[in-house]
Amino acid sequence: MISAVRGTRDILPDQVERWQRVEGVARRVCSRYGYYELRTPIIEREELFSKGTGESTDIVQKEMYSFDDKGGQRVTLRPEATPGIVRAFVEHALEQSLSVAKLFTLGPMFRYERPQKGRYRQFHQLNVEVFGVAEASLDAEVMEMACTLVGELGIDETELVINSVGCPSCRPAFSEALLKALGKDLPKLCVDCQRRAKTNPLRIFDCKVEADQPTIGRLPHSTDYLCDACREHFEAVQRYLRLYNQPFQLSHRLVRGLDYYTRTTFELLSSKLGAQNALLGGGRYDGLVKRLGGPDRPGIGFAAGLERLVLALPHSNDQMASDVFVAAIGPSAQDAVFVLARTLRVAGLRTLVDHKTRSAKAQMKRANRAGVRHVVILGDDELAAGEVTIKTMATGEQCKVARNQVVDILLSAS
RNA sequence: GUGAGUGUAGCUCAAGGGUAGAGCGCCGGUCUGUGGCACCGGAUGUUGGGGGUUCGAAUCCCCUCACUCACCCCA
C-alpha cells in the first residue's frame, strides 16, 4: 500500500463540510471588511523567502521544501504566503489599480517539521494583508476582524494577545538592554537561549524552560524601550481596540519568529488546541515591501491556520445527505428509474440510484443509510399506471402521484 | 533534529509462546414490492515491514517505517 507522505493528510468527505464552512465564513468576513481575494503560486523562487521571511528564521534555515527544477532554477514550496503576496503586489503595481490594497488568500503552505497536533507539513492558511496604511486604527481593525471571523465560526475560549516589538530605530537599543540585563545570568539559561542571545535576543521571551523563567521575568520589556513614534502608535492601537470593545491582553513576551515584524504583533490563542495553541498570528511589517523591491509602503497582516480553526470548530451533527433515492422494483423499471433520476437532478435535487439490481428491501436499506428524505419507488404497478410511489422516510408514509408531478412535489417537500 | 507512547479486520479494541477473536460497520436472509427494531448467516487480516531466538512468535529480542503527543518552532 502506498500511504500519504508524512505530515500530509487526506481531508475525507465527512470532514469537508467543516472545511467549506471555515472557508466560506473567511471569504464572507474578508469581503465585508473590503478585502479582495488574490491567488498566488504555490512555488516561488527560493530567494523570495530568504529575503522576505528572513535568513535568520527557522523557516528559512531548516524548514523549506526547496529544489532545483528541470531548468536549474532554485524554487521553494511556499512556507508562508506573505512574501508571495508582497511580490504580486509589487510585480503588478497593485497600488495603482486598487483603491485600497486589502488582499486575502487561502491555500496550502509547506514546512518540513515534525508533525504533531495542529501542525502538519502541508497545512492551509488564510492570509490577510493590507498595504499602504500606517495608521494605528487599521491595526485595531485587522485584529477586530480576525476576532470577528473566529467568533462567527462559533469558536470560543479564545484570547487576543498583543505586543509591540518596536521599529529598526528603537529595537537595537532594546536588544542591547536585554543582553545587558542578562549579564552574568546568561550562561545559566538553557542552550536555546544562549543561541537566541546571539541571533535574536527578543526570542528569549519565547523560552518555556521552567528554570529560566525567574531570570526572564526580571528582563526589561520591549514596550519600555519604544521610540516616541512607536509608543504613540502602540497606545493608539490599544485605544482603538477599546473603542471596538475588543478585549485583549498585553504580553511583552509575544515576540514572533519572522524577521519582518515591526511595531504591533498579535496572536489569537485557543485553549482547545494543545501545544500549538495559536489560531492565528500576525503583525505589522512596515519595511517588507521595500525590502522586496517595491515602494516604501507600510504593511500589516495575519495568517490563520485552517487546520486549527477546523480543530477548534464546535462539533455539529451535519452529515452527508442526499434528497432522494429512486428505487427500481423489478428489471422492467430500471430504465425508467435512470431517466427519472436524471429529471430530478436537472431540477436540482440530490438524487441517488442503485446501478446494481437489488431487491426492494436492499434498496430501501441503502436509501435509509444514505439519509435521504424521500424514496421514489418505480415498479410494474407504477409503470402501468403512469405513477410513482413517494415514501417519506421520517414518517414511513407513502402515496402515489402522477409521474409528471414528482418534481414539483419533491421540490416543495425538501 | 530530540524524547516518550502506540501499531492486530473498514473502525474501536481483545488475545502476553501452542488453531488470530469480539463489538460496531459492511453484504445477505427471515420479509420473492418497502428502511430503522429483532433474530440468523456471510465476507474481510501477509497481526506495519524486515531479520533473529524457538519444535512453534501477534506474543520475546534487534533493526526499520508509520502514527500520536511533547520539545523545538509556529498557523
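The sequence lines fix the lettering, A, B, ..., with proteins before strands; numbering per chain opens at 1. Source: prediction; values computed, not measured.
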What distance, rounded to whole Å, do you find between the two [atom1] atoms, one in [N] and one in [M]?
N	M	atom1	value
B:A20	B:U59	P	13 Å
B:U53	B:C11	C1'	35 Å
B:G5	B:G21	C1'	25 Å
B:G45	B:A58	C1'	11 Å
B:C31	B:G36	C1'	15 Å
B:C67	B:C73	P	23 Å
B:A14	B:G52	C1'	27 Å
B:U44	B:A9	P	15 Å

Send over the distance from [X] [atom1] to [N] [atom2], rounded to a whole Å.
X	N	atom1	atom2	value
A:K361	B:A38	NZ	C1'	11 Å
A:I377	B:G33	CD1	P	12 Å
A:D14	B:G25	CG	P	17 Å
A:Q61	B:G1	CD	P	16 Å
A:E397	B:U34	CD	C1'	15 Å
A:K356	B:C27	NZ	C1'	11 Å
A:M364	B:G36	CE	C1'	10 Å
A:D354	B:C27	CG	C1'	13 Å

Report task. Go through the steps to decide whether A:K356 and A:D354 satisfy the test salt bridge (charged side-chain N to carboxylate O under 4.0 Å, His left out), and finish with yes or no. Result -> CA-CA 5 Å; A:K356 280 207 165 81; A:D354 205 326; over 6 Å; no
[Y] and [X] side chains, donor-acceptor separation under 3.5 Å:
X	Y	answer
A:T223	A:N163	no
A:E129	A:T82	yes
A:E144	A:Y33	yes

Report summary line: Taking Watson-Crick and G-U wobble contacts under 3.5 angstrom, with | marking pairs to another strand and [ ] crossing pairs, the secondary structure of RNA chain B is written (((((((..((((....[..)))).(((((.......))))).....(((((..]....))))))))))))....
Query raised in the report: Under the criterion salt bridge (charged side-chain N to carboxylate O under 4.0 Å, His left out), which of A:R74, A:R78, A:K51 is the partner of A:E46?
Result: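 The passing option is A:R74.
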Report summary line: In B/S/- notation (B base, S sugar-phosphate only, - none; protein heavy atoms under 4.0 Å), nucleotides 63-75 of chain B written 5' to 3' is ----S-SBBBBBB
Query raised in the report: Tell me, do A:R87 and A:E44 make a side-chain contact under 4.5 Å, heavy atoms counted?
Result: yes
Query raised in the report: Does A:R121 make a cation-pi contact with A:Y112, if we ask for NZ or CZ under 6.0 Å from the ring centre and within 45° of the axis?
Result: yes
Query - Lys/Arg cation over aromatic A:Y120: A:R9, 6.0 Å, 45° cone - result: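 Yes.
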Report task. Classify the side chain of A:Q398 and the base of B:U34 as holding, or not holding, a donor-acceptor pair under 3.5 Å. Result -> yes
Indicate, with a heavy-atom threshold strictly under 4.0 Å, whether [X] touches base, sugar-phosphate, or nothing.
X	result
A:A327	nothing
A:E382	base
A:R9	nothing

Report task. Check whether the ring centres of A:F338 and A:H355 lie less than 6.0 Å apart, and answer yes or no. Result -> yes
Query raised in the report: Where does B:G48 land, syn or anti, given syn is within 90° of 0?
Result: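 You should classify B:G48 as anti.
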Query raised in the report: Would A:T158 and A:S270 satisfy side-chain hydrogen bond (donor to acceptor under 3.5 Å, both in side chains), going step by step from the backbone distance to the final call?
Result: CA-CA 5 Å; A:T158 61; A:S270 164; over 6 Å; no
Query raised in the report: Quick one: on RNA chain B, does A:S359 or A:D381 contact a more 5' nucleotide (nearest heavy atom)?
Result: A:S359
Requested in this report: Show the numbers, then the answer: is there a salt bridge (charged side-chain N to carboxylate O under 4.0 Å, His left out) between A:R32 and A:E152?
Outcome: CA-CA 13 Å; A:R32 260 192 270 146; A:E152 287 196 14; 2.8 Å; yes
